[in-house]
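Heads up: the structure comes next, in structure tokens.
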Amino acid sequence: MAILFFAMLFTIGSGSVVGLLNNMATNFKDYFPKLKYWQLSLIAAVGGFSAGLIYVTPGGMAMLELVDHFGGQILVFVLAIIELLGVVWIYGIENICWDVEFMLRRKVSPFFKISWFIIMPLFLLTICGYWILQSETPTYGNGKVFPIEALSFGWTIFFVGLGQVFLAIGFVMFKKRNELSYLIKPTPEWGPKDNKTRSEWAEFKQNKFKEREHIATSEGHSWLQMKVLFLLGKYP
């Protein structure tokens with residue numbers, strides 16, 4: 001049983017690490033294209049291993065509880081809400097569904113459309129609100145309360161993690177202060193890198209947009225009707 005238990009933990013941990021490392025490596029690869037994937041993975045692995053050594057010290061469990069509370073619970077919910085709203089509401093449910101359809105050559109079902117656009121934001125907001133209302137001061141060991149210095153460090157973790165989003169928004173606002181609409185539009189570089197694929201993608205989305213506008217104009221649908229019908233799979 002012990003072997004099976006550790007095998008399960010190893011499998012779950014490996015799956016999470018592979019996903020996180022690939023995500024980090026892909027983002028850094030976009031900014032530093034000359035770096036190899038193995039180099040980025042090596043840097044991330046060594047950095048993660050070095051930072052994780054603190055958890056095997058005598059105070060490791062207390063640190064784990066502190067980081068989990070401030071960096072693995074409320075912060076994850078808040079970032080997930082921001083990400084979901086940014087992708088589905090700002091970039092647009094139509095755009096993301098058309099992108100998926102272009103890549104997979106199959107339409108996104110109403111189940112996923114409704115889940116992404118309505119159900120998941122409501123669930124995340126509800127869970128986040130409930131967590132905030134029910135949250136108590138974190139403890140460690142046998143109910144010991146963290147000292148004020150440790151709690152200050154925990155809140156620092158939270159605000160540093162969350163602050164990166166608003167720092168990026170502030171940087172773009174300062175850089176593009178004469179065209180703030182830039183904040184809610186994809187950058188000119190957004191889309192497939194391959195020129196042939198990019199032109200096909202742009203034509204595909206343009207045709208989708210024209211088809212939707214033609215139906216909306218001929219049927220006299222309002223913006224709300226268009227959204228509802230799209231979620232139900234009645235629009236292209």
Side-chain angles (χ1 to χ4, degrees), residues 8-9 11-27 30 71-134 161-162 165 168-169 183-187 189-194 197-236:
M8 179 189 70
L9 290 180
T11 303
I12 295 174
S14 299
S16 301
V17 169
V18 168
L20 289 172
L21 283 179
N22 282 333
N23 190 12
M24 293 173 59
T26 300
N27 280 280
D30 290 340
Q73 294 184 24
I74 183 62
L75 179 60
V76 171
F77 282 121
V78 173
L79 292 178
I81 291 170
I82 294 174
E83 181 179 354
L84 189 62
L85 294 179
V87 172
V88 178
W89 282 78
I90 297 178
Y91 180 59
I93 185 66
E94 293 91 349
N95 281 320
I96 191 65
C97 288
W98 290 340
D99 288 348
V100 173
E101 182 179 346
F102 176 79
M103 290 186 290
L104 302 182
R105 304 300 179 186
R106 59 184 299 179
K107 291 182 178 295
V108 178
S109 71
F111 171 80
F112 288 106
K113 292 179 182 179
I114 296 172
S115 296
W116 294 340
F117 192 70
I118 300 175
I119 297 176
M120 289 308 300
L122 288 177
F123 272 21
L124 285 173
L125 287 170
T126 301
I127 294 173
C128 185
Y130 178 81
W131 188 93
I132 293 174
L133 293 175
Q134 298 295 319
L162 185 61
V165 177
I169 294 174
L183 285 172
I184 57 175
K185 293 181 179 179
T187 63
E189 298 81 16
W190 173 257
K193 287 188 176 181
D194 180 73
T197 306
R198 186 181 182 85
S199 62
E200 293 175 353
W201 169 74
E203 182 181 1
F204 173 82
K205 294 190 71 172
Q206 187 66 25
N207 290 337
K208 284 286 187 180
F209 180 79
K210 289 181 179 179
E211 187 178 356
R212 188 188 69 163
E213 289 300 308
H214 174 73
I215 296 174
T217 303
S218 60
E219 298 292 335
H221 292 155
S222 64
W223 177 88
L224 181 59
Q225 288 175 313
M226 290 169 59
K227 285 291 183 184
V228 173
L229 291 173
F230 180 80
L231 294 177
L232 297 177
K234 304 297 183 181
Y235 261 39

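Only this structure's heavy atoms are used, side chains among them; waters, hydrogens and symmetry mates stay out. Sequential numbering from 1 along the given sequence is applied to the chain's residues.
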Where [X] and [Y] come nearest, the two heavy atoms and their spacing:
X      : Y      : result
Phe117 : Trp89  : O-NE1, 3.2 Å
Gln225 : His221 : OE1-CA, 3.2 Å
Leu122 : Thr126 : O-OG1, 2.7 Å
Met226 : Ala216 : SD-CB, 3.6 Å

Between side-chain atoms of residues 73-88 and protein atoms elsewhere (two or more places apart, or another chain), which donor-acceptor pairs fall under 3.5 Å?
from: Gln73; atom 1: OE1; to: Trp131; atom 2: NE1; distance (Å): 2.8
from: Gln73; atom 1: NE2; to: Asp68; atom 2: OD2; distance (Å): 2.9

- Query: Between Arg212 and Lys208, is a side chain to side chain contact (heavy atoms under 4.5 Å, CB included) present by the stated rule, with each step listed?
  - Reply: CA-CA 6 Å; Arg212 188 188 69 163; Lys208 284 286 187 180; over 6 Å; no
- Task: Calculate, to the nearest 0.5 Å, the distance between atoms CH2 and CD belonging to Trp201 and Gln206 respectively.
- Result: 11.0 Å
- Item | Nearest-0.5 Å distance that lies between atom NZ in Lys210 and atom NZ in Lys205 | 15.0 Å
- Message: Can you confirm whether Trp190 sits close enough to Asp99 that some side-chain heavy atom of one is under 4.5 Å from a side-chain heavy atom of the other?
- Response: yes
- Item | Check: Ile215 and Leu229 side chains under 4.5 Å, non-hydrogen atoms | no
- Note on the structure: Sorted by chain and residue number, the side chain to side chain contact (heavy atoms under 4.5 Å, CB included) partners of Leu104 (sequence neighbours excluded) come out as Val100, Arg106
- Task: Spell out, as yes or no, whether a donor-acceptor pair under 3.5 Å connects the side chain of Thr217 to the backbone of His214.
- Result: no
- Message: Applying side chain to side chain contact (heavy atoms under 4.5 Å, CB included) to Phe209 and Glu94, what does each step give before you reach the verdict?
- Response: CA-CA 9 Å; Phe209 180 79; Glu94 293 91 349; over 6 Å; no
Output side-chain donor-acceptor pairs under 3.5 Å for residues 109-116, partner residues at least two apart or in another chain, one line each.
from: Lys113; atom 1: NZ; to: Phe230; atom 2: O; distance (Å): 3.1
from: Ser115; atom 1: OG; to: Phe111; atom 2: O; distance (Å): 2.7

- Item | Lys227/Ile93 under side chain to side chain contact (heavy atoms under 4.5 Å, CB included): CA gap, chis, key distance, verdict | CA-CA 9 Å; Lys227 285 291 183 184; Ile93 185 66; 3.8 Å; yes
